[in-house]
Trainee: 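Okay, handing you the structure first.
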Amino acid sequence: MKFLVVGLGSMGKRRIRNLTHLKAGTLAGFDLRADRREEVKVLHGLAVYDDLEKAFAEFNPDALVTSTPPDKHLPIARMALERGKHVFCEAGTTTE
């Protein structure tokens, strides 16, 4: 299974470590911040993206692991669901 971790801050990095430990599948990351992308690329050897559409097109994940602030969860989840992808979202979502 292919997982795209969306948001590479502390929770995103924790989820990468957990999924890696579980040998859950192939991972990639998305974040708008270059420093976070570079850290994940160097420490975990993952493909990283700064454009979510490009991540969908090139990596083609089976599931998204949402690790962003809660106010970003719903738009990301909708984007994934519209493409037939599974979504993990730990915290609650807010309405638009």
Side-chain angles (χ1 to χ4, degrees):
M1 188 164 206
K2 294 170 68 174
F3 294 93
L4 178 64
V5 179
V6 179
L8 302 175
S10 62
M11 285 308 297
K13 287 184 278 247
R14 177 179 297 172
R15 291 179 175 137
I16 288 169
R17 290 190 306 269
N18 291 344
L19 289 166
T20 300
H21 178 76
L22 293 170
K23 299 178 180 159
T26 305
L27 309 177
F30 163 82
D31 203 291
L32 295 175
R33 286 181 43 180
D35 60 324
R36 289 180 177 173
R37 291 191 309 272
E38 186 63 22
E39 181 180 14
V40 166
K41 185 177 176 181
V42 170
L43 291 177
H44 301 285
L46 301 184
V48 292
Y49 298 90
D50 64 355
D51 181 298
L52 202 47
E53 291 290 347
K54 186 175 180 179
F56 277 111
E58 291 183 8
F59 183 66
N60 191 27
D62 299 304
L64 268 69
V65 178
T66 308
S67 301
T68 61
D71 65 326
K72 306 290 187 249
H73 288 181
L74 191 56
I76 292 167
R78 281 188 178 147
M79 187 179 205
L81 293 170
E82 287 169 357
R83 289 163 174 78
K85 309 299 181 183
H86 300 282
V87 178
F88 170 82
C89 186
E90 185 173 350
T93 59
T94 58
T95 58
E96 296 176 359

Trainee: Report the distance from atom CG of Leu22 to atom CZ of Arg17, rounding to the nearest 0.5 Å.
Mentor: 12.5 Å
Trainee: Just to verify, what does Lys85 make a salt bridge (Lys or Arg N to Asp or Glu O under 4.0 Å) with, not counting sequence neighbours?
Mentor: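 Per chain and number, Lys85 pairs via salt bridge (Lys or Arg N to Asp or Glu O under 4.0 Å) with no residue.
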Trainee: So, applying side chain to side chain contact (heavy atoms under 4.5 Å, CB included) with Phe3, which one of Asp62, Leu64, Val65 is it?
Mentor: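 Running side chain to side chain contact (heavy atoms under 4.5 Å, CB included) over Asp62, Leu64, Val65 with Phe3 returns exactly one hit, Val65.
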Trainee: Rounded to the nearest 0.5 Å, what separates atom NE2 in His73 from atom OG in Ser67?
Mentor: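 His73 NE2 to Ser67 OG: 7.0 Å, rounded to 0.5 Å.
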Trainee: Going hydrophobic residue to hydrophobic residue with side-chain gaps under 4.5 angstrom, can you get from Leu27 over to Phe30?
Mentor: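 Each belongs to a different hydrophobic cluster.
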Trainee: Taking Met11 as the starting point, is it possible to reach Val5 by hopping between hydrophobic residues whose side chains are less than 4.5 Å apart?
Mentor: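 Shared cluster, no.
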Trainee: Quick check: do Leu52 and Met79 have side-chain heavy atoms less than 4.5 Å from each other?
Mentor: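 In contact.
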Trainee: So, does Arg15 use its side chain to make a donor-acceptor pair with the main chain of Val6 at under 3.5 Å?
Mentor: no
Trainee: Do Leu19 and Leu46 belong together in a cluster built from hydrophobic side chains that touch within less than 4.5 Å?
Mentor: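 Hydrophobic grouping puts Leu19 with Leu46.
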Trainee: Considering all heavy atoms of both residues, which atom of Phe56 and which atom of Ala80 are nearest to each other, and what is their separation?
Mentor: CZ-CA, 4.0 Å
Trainee: Tell me whether Lys41 at atom NZ has more than 12 heavy atoms from other residues, nucleotides or ligands lying less than 6.0 Å away.
Mentor: no
Trainee: My understanding is that only residues two or more places apart in sequence, or in another chain, count here; which of them pass side chain to side chain contact (heavy atoms under 4.5 Å, CB included) with Lys54?
Mentor: Tyr49, Asp51, Glu58
Trainee: Do Asp31 and Arg33 sit within salt-bridge range, that is, some charged N less than 4.0 Å from a carboxylate O?
Mentor: no
Trainee: Assess whether side chain to side chain contact (heavy atoms under 4.5 Å, CB included) is satisfied between Arg37 and Asp50, documenting all intermediate values.
Mentor: CA-CA 8 Å; Arg37 291 191 309 272; Asp50 64 355; 3.4 Å; yes
Trainee: With rounding to the nearest 0.5 Å, note down the distance linking OG1 in Thr66 to CG in Leu4.
Mentor: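 Thr66 OG1 to Leu4 CG: 9.0 Å, rounded to 0.5 Å.
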Trainee: So do Ile16 and Leu8 actually touch side chain to side chain, heavy atoms under 4.5 Å?
Mentor: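 Yes, at least one pair of side-chain atoms sits under 4.5 Å.
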Trainee: Asn18: what forms a side chain to side chain contact (heavy atoms under 4.5 Å, CB included) with it, not counting sequence neighbours?
Mentor: Arg14
